[in-house]
Participant: 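Before we start, here is the structure in question, set down as structure tokens.
Since the model is a prediction, treat every value here as computed from it, not as a measurement. Below, chain A is the first sequence line, B the second, and so on; all start at residue 1.
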2 protein chains.
Amino acid sequence: MTDVARLAGVSHQTVSRVLNDHPNVKEQTRIRVRAAIAELGYRPNRAARALVTGRSQLIGVVARNSTLFGPATMLSEFEQAAADAGFAVSVGSVRELDRSSISAVVDRHLDQRVAGLVVIANTASATEALAEIPEDLPVVFIDGDPASGRPLVTVDQVAGARAATRHLLDAGHETVWHVSGPTDWFDSAGRIQGWRQTLEEAGAEVPPLLSADWSAAEGYRTGQMLARMPEVTAIFTANDHLALGILRALHERGRRVPHDVSVVGFDDVPEAAYFIPPLTTVRQAFGDVARAALSLLLGQMRDDSGMADQIVVPPQLIVRESAPRRI
Amino acid sequence: MTDVARLAGVSHQTVSRVLNDHPNVKEQTRIRVRAAIAELGYRPNRAARALVTGRSQLIGVVARNSTLFGPATMLSEFEQAAADAGFAVSVGSVRELDRSSISAVVDRHLDQRVAGLVVIANTASATEALAEIPEDLPVVFIDGDPASGRPLVTVDQVAGARAATRHLLDAGHETVWHVSGPTDWFDSAGRIQGWRQTLEEAGAEVPPLLSADWSAAEGYRTGQMLARMPEVTAIFTANDHLALGILRALHERGRRVPHDVSVVGFDDVPEAAYFIPPLTTVRQAFGDVARAALSLLLGQMRDDSGMADQIVVPPQLIVRESAPRRI
DNA sequence: TTCAGAAATGTTATCGATCACATCGGCTTT
DNA sequence: AAAGCCGATGTGATCGATAACATTTCTGAA
């Protein structure tokens, strides 16, 4: 930095001002400094900046160690958005979203003096751990508890589930069975709620809730049971992998999709269009969620208090053969 | 830190020594300092340390922005391994692995003064960009060019492809068709090589190579073509998603799997066991790769020159119904 | 013309750690 | 008993940026 200052014939402070886009720098000086920076290939030392400002150009993400489509996509999209805004992203995965693991990861991030934190908090246990986070650190939750009052971005799970259930009822089914994800996930809870509400509003009978983890394996096991029940003609599953397992179970038992049973998934993984048959599902705009989360975070950093602090992204029903409009 | 020093009745330097496990500290002093640290809840400022040492406790990862199963899993596993070793991981995704994008990401990481770099370099274009990386920065490639001479960890793609092809030949097929991934990927190249070698060694005819991207969509398109060719009885695809698309195309054309056509995939995604029919595939131990990469990196940081610098992880054939041992 | 006030720039202190070197006992060696 | 050395600890400089304040230069109104 001193070298740059010398070459441009100014003080190091002026260089710092140019770097930080301070208003009070003459245009001509600014240009001279920029030229010197370019000529010397100078790049500011972020550690030094972090030391004095107490804040780095780093955003910490707390996420469950997971290769599930949703969380993985979210992370990737967020990283991209952050990079475009000039921030690096430090990932801290935890095996479980319990309080002590989260606390450990948050501590690691605080050590790094992250400028903000994004918590992908798909279960209630994650919300409890927010006590660990200092008040003055910008935080955004993705997928957390809307009731927490903290800044939060989610996909509207209830609306997605309603659209899926509605679609099946409209197609002529008397009722719709639901295979949910783990019940401690907010996503699952929202989807269950949307499903139940829609059935109740339509005056349809609400079948018993079947819950599973998110895997194709459990979808298959649940599917084996459902396949033996002739009264089951419409199934809404909480994600596409569950649907895959169910499709296979139905296939093995000779129940044709969609002729005998219609199936709707959730997520729209890239492969969903190539399931047998192609899967009707609910697409979540993870990219939009990631960008919204980033903008909330940047808003907090700027202390932009007029900003909305909860953003809900609408999902979209994608109709394919596994559940056509009319049976 | 000054507070800790005062409370423990020593100088700040001694506190620093305790923190860094210097040998020349009396046991008794060490205990006193540790107690003071615990009492005050003191945590060292990493930015300050990074400033003076010129190196942070941060490992940079350069990866293509991707939700492909392989890269996503690799990233997640690596993050976990690094966290266990006390390192944070900063992810830098690029949309394309071309030289200028990589260079930009590497620059961002250098700004952060990362202690080491992991490049998930699945295409040749990534290897070219290594010129951007300073000589003295520890670097490990995952999936790069084995001929580069740089420290590198890969799954043995050739062996995996050989096992898959061999399996199909042993089951009685005259030859095996291959749908590869993009040919500029090292993974693809290795799989093609293993496939071709095995056929040649067995004296089998080598059918024309079909190449695709990694998606189920292209698998489907390729599958529609293959399904019309009665001489095709065995297909080895470069990943499981391609296989999924092919399974669907075969299904639509009424060609039964494995009765008419056997299919083998690659990756063993968690859903592979629930495809229709369950997919025979080659499992890659991503966790092992990630841990190996980390240990190579830590070795370089310690300047442990006696260390092996290329590690090849063997894959494993998982036999399921889509390609049983005997047809 | 003068002078207040703003704009542009410079000077020095500071963040919190490590590094290099200085100091001080105690122990071995002759 | 003196010299020499080593282990334990302390002192002050340093990394590279920004913050706070000081100073100079410019602008426009009285």
Participant: Does a donor on one side chain sit under 3.5 Å from an acceptor on the other, for B/Q112 and B/S90?
Facilitator: no
Participant: Could you pick out which residue, B/R30 or B/R113, lies toward the 5' side of DNA chain D when each is mapped onto its nearest nucleotide?
Facilitator: B/R30
Participant: Salt bridge or not between B/D288 and B/R291? Use side-chain N to carboxylate O under 4.0 Å.
Facilitator: yes
Participant: Using a strict cut-off of less than 4.0 Å between a Lys/Arg side-chain nitrogen and an Asp/Glu carboxylate oxygen, indicate whether B/D111 and B/R108 qualify as a salt bridge.
Facilitator: no
Participant: Would you say that A/N45 contacts A/R49 through its side chain, given a criterion of any heavy-atom pair below 4.5 Å between the two side chains?
Facilitator: no
Participant: How close do B/L51 and A/A48 get, counting heavy atoms only, and between which atoms?
Facilitator: CD1-CB, 3.5 Å
Participant: Working note: B/V91 + B/L75, criterion side chain to side chain contact (heavy atoms under 4.5 Å, CB included); need CA distance, chi angles, decisive distance, verdict.
Facilitator: CA-CA 9 Å; B/V91 190; B/L75 183 59; 4.1 Å; yes
Participant: Would you mind building the protein contact string for nucleotides 20-25 of chain D? One character per nucleotide, 5' to 3', B for base within reach (heavy atoms under 4.0 Å), S for sugar-phosphate only, - for untouched.
Facilitator: B-----
Participant: At a heavy-atom distance below 4.0 Å, which nucleotide of DNA chain C is the first touched by chain A, and which is the last?
Facilitator: C/dA8 to C/dG16
Participant: Closest heavy-atom contact between B/P138 and B/R55?
Facilitator: CD-NH1, 4.2 Å
Participant: Mind grabbing the angle between the end helix axes of the helix from C/dT1-D/dA30 to C/dT30-D/dA1? Five pairs an end, 10° rounding.
Facilitator: 40°
Participant: Got a list of side-chain donor-acceptor pairs under 3.5 Å for residues 19-26 of chain B, not counting sequence neighbours?
Facilitator:
{"from": "B/N20", "atom 1": "ND2", "to": "B/S16", "atom 2": "O", "distance (Å)": "2.8"}

Participant: Where do A/A81 and A/L294 come nearest, in terms of heavy atoms and distance?
Facilitator: O-CD2, 3.3 Å
Participant: Closest approach of B/P151 and B/Q300, non-hydrogen atoms and distance?
Facilitator: CG-NE2, 3.3 Å
Participant: Among residues 44-53 of chain A, which ones have heavy-atom contacts with DNA chain C below 4.0 Å?
Facilitator: A/L51, A/V52
Participant: With side chain to side chain contact (heavy atoms under 4.5 Å, CB included) as the criterion, how do A/V153 and A/L296 come out once you've worked through the C-alpha distance, each side chain's angles and the decisive distance to 0.1 Å?
Facilitator: CA-CA 9 Å; A/V153 184; A/L296 280 190; 3.7 Å; yes
Participant: Restricting both atoms to N or O, compile the protein contacts to nucleotides 5-8 of chain D shorter than 3.5 Å, with distance only.
Facilitator:
none

